[in-house]
Amino acid sequence: MIEAAGVSWRYGANPVIDGVGVTARPGRLLGLIGPNGSGKTTLLRLLYGALRSPTGSVSVDGDALPALSPRESARRMAVVVQETGGETALTVAEMVLLGRGPHLSTFQRTGAADHEVAARCLARVGATHLAARPFTGLSGGERQRVLIARALAQEATHLLLDEPTNHLDIRYQHEILRLVHGLGTCSVVVLHDLNLAARYCDDLVLLGDGGVVAAGTVDEVLEPKILEPVYGIGIHRVELDGQLHLLFHPTEADV
Ligand code: ADP
């Protein structure tokens with residue numbers, strides 16, 4: 001469980017997150033949604049400690065985040081952010097093995113069991129065939145899948161992902177989110193596609209104007225009357241085969 005209460009962040013004089021509270025519950029996938037620039041990435045970074053809020057608190061399974069060592073933090077939280085691993089000379093298999101780092105003692109080398117975990121994680125994202133390729137030679141979508149495999153290899157109890165479906169074609173967007181949803185870990189994902197959020201998230205936090213506009217289950221948050229003023233576009237909600245879908249209809253007043 002990740003709990004943040006009263007956290008804030010400003011870039012220069014620009015407050016981006018202002019006294020926000022969120023709770024990511026065990027076994028559930030929490031989606032952070034909101035328009036571009038609403039602070040989703042900033043909030044995610046506050047949750048995993050890349051940014052340290054000057055106000056409020058963040059805790060992981062009841063322990064204050066600043067009190068955790070980097071190794072303990074990495075055992076609890078695996079993070080997949082955009083555009084990482086840019087200019088590395090590593091192969092894909094080596095990249096995924098890096099996820100084992102928090103489980104090794106100083107100077108301990110990876111062993112057969114670590115290689116097995118890494119191979120299994122690569123298989124889970126459908127990337128076994130890429131194992132021997134240099135990471136830098138991959139497409140954006142392939143990189144994304146490998147970075148998710150690396151996070152899985154970390155075997156952390158919490159997974160935090162920043163727009164993991166960027167660069168992925170539609171099939172892999174669904175496969176990756178189905179995978180994350182099925183992991184049963186406590187996960188937080190920044191998503192801008194509301195229909196992907198509708199299908200795969202359990203809970204949502206909608207950000208707007210530096211704060212939480214709405215928080216609750218997918219069913220509670222994805223209400224047109226809540227979303228329309230935040231996104232500034234007409235929204236129609238339908239259910240097909242028991243699945244919630246949103247349709248967007250800009251009117252002349254919107255554009
Ligand atoms: P989102 O993920 O919802 O698009 P971000 O958290 O990335 O929002 O950004 C929120 C706001 O903070 C935006 O206005 C963005 O321009 C600004 N911002 C983000 N990162 C920086 C930075 N490093 N320096 C200055 N402003 C930033």
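Indexing begins at 1, ligand by ligand and atom by atom, following the structure's order. Start at 1 with the first residue, then count along the sequence.
Under the 4.0 Å criterion applied to side-chain N and carboxylate O atoms, E175 and R171 are assigned as salt-bridge partners. A salt bridge links D219 with R237: the distance from a Lys NZ or Arg NE/NH1/NH2 to an Asp or Glu carboxylate oxygen falls below 4.0 Å. The residues K40 and D162 are annotated as not salt-bridged, no charged nitrogen and carboxylate oxygen being separated by less than 4.0 angstrom.
With Y172 as the aromatic partner, R145 meets the cation-pi criteria of under 6.0 angstrom to the ring centre and within 45 degrees of the ring axis.
Against a heavy-atom cut-off of under 4.0 Å, P35 is close to the following atoms of ligand 1: 3 (O). The contact set between ligand 1 and K40, taken as ligand atoms under 4.0 Å from a residue heavy atom, comprises 1 (P), 2 (O), 3 (O), 4 (O), 6 (O), 8 (O). Less than 4.0 angstrom separates some heavy atom of N36 from each of these atoms of ligand 1: 4 (O).
Taking the side chain as every heavy atom from C-beta outward, M77 and L65 approach each other to under 4.5 Å. Here the side chains of V218 and C201 are in contact, with some heavy-atom distance below 4.5 Å. At least one side-chain heavy atom of H158 sits under 4.5 Å from a side-chain heavy atom of I2.
Checked against a 3.5 angstrom limit, the closest N/O atoms of G37 and ligand 1 fall inside it. Of the polar atoms of N14, none of the N or O atoms is found under 3.5 Å from an N or O of ligand 1, judged by distance alone. The shortest N or O to N or O distance between S38 and ligand 1 is under 3.5 Å.
The closest protein non-hydrogen atom to atom 23 (N) of ligand 1 is Y11 CE2, 3.6 Å. Protein heavy atom closest to atom 7 (O) of ligand 1, with residue, atom name and distance, is T41 CB, 3.7 Å. Considering only non-hydrogen protein atoms, atom 8 (O) of ligand 1 sits nearest to G39 N, 3.1 Å.
One hydrophobic cluster, built from ILVMFWY side chains closer than 4.5 Å, holds both L183 and L29.
Within the 4.0 Å heavy-atom criterion, both parts of T42, backbone and side chain, lie near ligand 1.
Put simply, atom 16 (O) of ligand 1 has no protein non-hydrogen atoms near it, under 4.0 Å away.
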